[in-house]
Amino acid sequence: MAMIEKVLIANRGEIALRILRACREMGIQTVAVHSTADVDAMHVRLADESVCIGPAAAKDSYLSIPAILSAATISNADAIHPGYGFLSENADFAEMVEEHGFTFIGPSPDHIRLMGDKIAAKAAVIEAGIPVVPGSTGAVRDADHALEIGKEFGFPVIVKATAGGGGRGMKIAETRDDIADAFHFARAEALAAFGNGAVYIEKFLTKPRHIEVQVLADNHGNVVHLGERDCSLQRRHQKLVEEAPSPALNASQRAEIGEIVSKAISKIGYRNVGTIEFLFEEGQFYFIEMNTRLQVEHPVTEAICGIDLVREMLRVASGAPLGFSQADIKFSGHAIECRINAEHPETFLPSPGKVGDYHAPGGLGVRVDSGLYSGYTVPPHYDSMIAKLIVHGTNRNECLMRLRRSLGEFVIDGLHTSIPLHQKLMEATDFINGDYDIHWLGRFVEKSNDSDDE
Amino acid sequence: MAMIEKVLIANRGEIALRILRACREMGIQTVAVHSTADVDAMHVRLADESVCIGPAAAKDSYLSIPAILSAATISNADAIHPGYGFLSENADFAEMVEEHGFTFIGPSPDHIRLMGDKIAAKAAVIEAGIPVVPGSTGAVRDADHALEIGKEFGFPVIVKATAGGGGRGMKIAETRDDIADAFHFARAEALAAFGNGAVYIEKFLTKPRHIEVQVLADNHGNVVHLGERDCSLQRRHQKLVEEAPSPALNASQRAEIGEIVSKAISKIGYRNVGTIEFLFEEGQFYFIEMNTRLQVEHPVTEAICGIDLVREMLRVASGAPLGFSQADIKFSGHAIECRINAEHPETFLPSPGKVGDYHAPGGLGVRVDSGLYSGYTVPPHYDSMIAKLIVHGTNRNECLMRLRRSLGEFVIDGLHTSIPLHQKLMEATDFINGDYDIHWLGRFVEKSNDSDDE
Amino acid sequence: MAKQPKPDIDEKLVRKLASLMEETGLTEIEYGVDGINIRVSKSANIAYSTAPVAAPAVPAAPVALEQTTNAAAHPGTVKSPMVGVVYTSSDPDSPAFITVGDTVSEGQTLLLIEAMKVFNPILAPKAGRVTQILVESGSPVEFGEPLVIVE
Amino acid sequence: MAKQPKPDIDEKLVRKLASLMEETGLTEIEYGVDGINIRVSKSANIAYSTAPVAAPAVPAAPVALEQTTNAAAHPGTVKSPMVGVVYTSSDPDSPAFITVGDTVSEGQTLLLIEAMKVFNPILAPKAGRVTQILVESGSPVEFGEPLVIVE
């Protein structure tokens with residue numbers, strides 16, 4: 001593959017600006033595509049060229065494959081970066097991009113397709129040596145069999161109807177004393193609900209963390225992992241704060257899971273960036289899924305590794321080999337990202353509209369990725385994330401202090417934003433102690449809103 | 001000494017904000033002092049407390065020792081950070097600060113005094129093993145003696161009247177062939193001008209770079225150096241762009257001069273941060289002076305070392321030992337700082353006034369230190385520096401590309417700024433190649449203005 | 001076109017005013033001298049055009065931009081429903097579907113737009129007279145770009 | 001000006017108007033002289049009213065602030081010439097130098113301000129009646145802070 005000279009950025013918002021910046025720093029020309037609602041977007045203003053590809057509705061613009069490929073054709077782009085969301089994990093899009101003679105800046109369509117199919121993905125990663133949530137194969141015969149399996153996996157476990165769904169025919173057994181009851185209950189309910197009493201057993205995680213491992217692979221067989229990110233601070237499956245390294249891992253656990261993941265990626269033959277997401281509980285990792293794209297939270301990894309992931313994506317896509325091996329990658333300090341959304345910090349109602357004064361925090365260790373500017377109007381059609389504040393410090397405490405300081409300097413007038421929620425979070429003892437799981441944020445928000453109402 | 005709890009910041013502008021940020025990140029309270037012209041300054045708005053100490057004229061406010069000490073008294077501050085400029089290298093001030101029971105965040109008054117006296121400073125550093133520009137001791141007897149000295153120092157050399165000044169009684173000898181003529185000329189002119197024909201000889205540097213070494217020392221005998229900064233891009237002795245590491249030094253030269261400086265600092269018994277400035281030509285260092293304070297360009301050192309220098313100043317001042325030794329300090333990548341002044345980029349006429357749109361660049365590797373915001377009025381009473389753009393990259397080329405990218409994103413409307421000059425600089429072949437000395441920028445500005453006029 | 005030679009625009013004057021506006025940060029300048037009257041203004045939104053543009057975006061002269069804007073606002077404007085390449089005839093040897101002054105009926109093909117190797121006919125939304133054709137054959141068009149005015 | 005040369009823009013006039021506008025805070029100027037007609041305008045700059053204040057700065061209630069502002073604007077206000085600690089009497093056991101309602105003569109001591117262990121007398125700038133004393137003994141004062149109103 002030849003060096004890429006002009007990239008079409010098939011995305012919007014902060015990530016489009018992120019990609020544009022990386023291109024500009026590599027001397028690569030940029031083409032911004034945008035809907036009619038995004039004509040004033042920062043990255044559209046900054047791009048070398050821009051093409052309007054459709055109306056505000058994403059399905060007719062950012063999700064329209066013909067519009068994007070036509071824009072690439074008329075602008076003579078030679079590669080397309082999909083960003084995240086939209087078409088980034090659409091294998092058909094990746095395939096069509098390549099069929100039309102453009103370079104897709106990401107993994108192969110086959111790998112996107114494989115990881116997009118939950119069952120096939122799980123089978124593939126098991127084969128490649130990645131740990132998954134243990135589950136019984138075939139139906140559980142009787143209560144004794146259930147106990148045997150429960151002891152193998154370790155309690156708690158969950159008994160689930162093979163034909164099940166919608167939460168019926170499911171029962172958790174907290175300890176070995178509960179397993180017989182749970183088995184009989186689940187079987188009876190399964191029989192009543194689905195006419196099929198067959199049940200299977202899975203290990204049940206009560207308070208897992210969400211920890212994901214970033215990988216980077218080239219087309220020449222080189223694979224490295226860039227450590228993990230802890231993304232346990234989620235609410236309704238939306239990540240709000242991410243950090244690296246995870247407060248729950250030590251260096252040997254990091255090296256161990258990293259090596260497992262690198263080997264698996266190598267075996268699967270994956271290329272470009274990717275993330276393996278895990279649940280983590282009591283020292284064990286359990287595969288959730290693989291994201292075959294750049295992630296929102298990639299900057300925390302960049303901060304602790306000193307590696308520009310978008311630059312690496314472009315280099316790998318142009319056929320270049322990685323310029324470093326695993327031994328060259330050093331983790332330095334701690335980084336936290338706060339996602340700042342245009343939404344009410346308590347009700348979470350979206351808050352699009354015109355930005356009044358805008359002033360981003362500055363100084364040592366502070367990075368802001370945002371397409372906002374004073375006078376910009378946040379359109380109501382898309383995701384509410386309007387800025388990312390990424391802070392780096394030599395250790396987690398320094399990082400937290402810097403985050404407090406910079407959240408206090410951040411001015412986004414005219415909209416409700418999640419800044420006040422982040423400020424509350426930074427004062428929460430559990431968060432300060434790194435003591436949280438994937439359920440923690442939901443409870444924190446509820447409690448915090450309740451106490452505000454008093 | 002006890003931990004510092006409240007710091008009075010005896011400065012203004014970006015450095016006052018820089019110090020405020022470091023304090024906030026350490027949980028230290030801040031007191032901003034300001035003149036009537038700076039009531040709307042960013043750091044005044046952000047400080048925990050602020051005290052108006054006088055009218056706009058610096059001599060009645062930022063240079064008024066009684067006003068600053070009174071402000072420290074009434075606000076119950078326990079330490080004073082002088083920043084740079086103003087009273088930062090005033091030994092009497094440092095002394096009075098300590099006499100009044102406050103901690104001076106900087107070196108001892110004696111060290112400030114020593115290094116403020118050019119002759120005493122030179123003697124002290126020679127004693128401590130620091131190389132200086134070679135000069136003859138005592139008067140030169142005759143042309144043969146002059147030749148002997150010239151051969152010892154290496155040509156060119158400069159013959160100077162012992163009683164001289166104002167450029168009279170001075171003559172450069174480019175080669176050994178010129179030395180007799182130069183000696184006779186200088187002696188004759190010296191005799192005519194000062195009634196004293198005594199002359200001495202110094203090595204003459206034709207195209208030196210300005211390279212300075214950053215040191216950090218605690219009160220417990222620990223000294224480290226943090227590598228060098230190349231500040232050769234100066235115009236009329238005003239630095240405009242600084243970088244670290246210097247394109248002219250290799251790792252062994254860095255380690256060598258660093259060790260010489262560390263040893264000297266140790267011998268002199270200096271504490272807190274300081275900078276030894278050198279001229280550098282043909283592989284040799286020649287002492288200019290020592291700055292006994294934080295410098296404007298300290299962020300490039302922070303970027304490549306991952307050390308927060310203001311935090312270290314505060315820690316050292318509170319009596320804490322350095323948390324690292326020389327072996328712990330790793331230099332990573334390359335950093336460049338652009339000083340952005342409120343002045344016309346060609347005429348250099350000051351351009352104070354009201355800031356219209358203000359938008360700082362963001363993204364990976366970009367740091368902005370500035371007290372500007374939209375609607376702020378840059379007062380005409382003080383230094384014209386309004387922002388510092390500091391960019392870090394894994395190597396010098398990446399750094400330059402990132403600098404171009406971020407200069408292109410920087411919006412400061414309503415004022416003339418040096419941004420266009422920086423943009424020109426980034427395209428200059430000599431600068432790109434790192435091939436410049438202290439005279440280069442002056443010539444570049446002249447040439448560049450001339451070609452614009454065509 | 002018109003019979004009498006219209007007084008020409010002195011572009012230099014306008015440019016000078018524009019650069020003065022740029023320099024001074026004004027948003028409007030009206031200037032009248034020797035029978036010439038010029039008023040230039042810049043809308044608040046576009047005030048951000050001194051803004052973070054490293055390289056100039058889509059090359060479009062201010063005058064062209066204004067024309068496009070006017071065309072976009074015209075009620076008879078047919079806009080491009082997609083991004084692609086416009087063609088004024090079915091193949092290079094055939095005559096153009098329409099020329100300025102033609103009367104067209106509703107549903108008549110005005111142009112073709114090629115996107116993804118498919119040629120999409122652009123039909124007249126109503127009957128009328130073609131008063132302007134704003135694109136050239138073979139040129140790229142964006143979504144929403146004015147193509148033809150039918151009055 | 002010349003009689004009939006090529007019409008040119010008088011940049012100086014526009015610049016002068018622009019700087020006048022800057023100075024005066026006007027948003028529009030129209031100017032006609034000697035057949036020249038110039039009108040300049042500028043969209044209003046939005047005040048940076050909601051500033052980046054992380055922690056509230058100097059604790060001062062809005063009302064108190066307003067009072068101070070009013071006092072600062074009063075022509076009879078005596079302001080502090082230095083930062084320090086104000087005293088209303090020469091020592092704690094002595095009576096205050098002045099009380100509200102007192103008539104004072106020019107040069108009479110109103111208060112003391114201690115700075116650097118030195119007590120500096122604050123003298124009445126003119127004869128008059130003390131209508132307000134705005135500070136309490138022992139409290140810190142900034143430079144320019146209103147102390148007393150003498151009418």
*asked:* Give the interface residues of residues 70-94 of chain A toward chain C, defined by a heavy-atom separation under 4.5 Å.
replied: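 Counting heavy atoms that sit under 4.5 Å from chain C, the residues of residues 70-94 of chain A involved are A/S70, A/A71, A/I74.
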Look at atom [atom1] of [X] and say whether more than 12 heavy atoms of other residues, nucleotides or ligands are closer to it than 6.0 Å.
X: A/K6; atom1: NZ; value: yes
X: A/E99; atom1: CD; value: yes
X: A/E5; atom1: CD; value: no

*chain C heavy atoms under 4.5 Å from A/H43: which part of the residue, side chain, backbone, both or neither?*
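For A/H43, neither part sits under 4.5 Å from chain C.
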_Counting heavy-atom pairs closer than 4.5 Å to chain C, which one of A/S64, A/S61, A/P55, A/A32 comes out on top?_
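Greatest number of close heavy-atom pairs with chain C: A/P55.
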*For A/D383, enumerate each residue passing the salt bridge (charged side-chain N to carboxylate O under 4.0 Å, His left out) test, keeping only those at least two apart in sequence or located in another chain.*
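Counting only residues at least two positions away or on another chain, A/D383 forms no salt bridge (charged side-chain N to carboxylate O under 4.0 Å, His left out).
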*Proximity of residues 116-125 of chain C to chain A, residues having a non-hydrogen atom under 4.5 angstrom*: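 C/M116 fall under the 4.5 Å cut-off.
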_Neighbourhood of chain A inside residues 87-107 of chain C, taking heavy atoms under 4.5 Å as contact_ =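 So no residue qualifies.
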*What's the shortest heavy-atom distance between C/F143 and A/T36, and which atoms?*
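Smallest interatomic distance, heavy atoms only, reads CE2-CG2, 3.5 Å.
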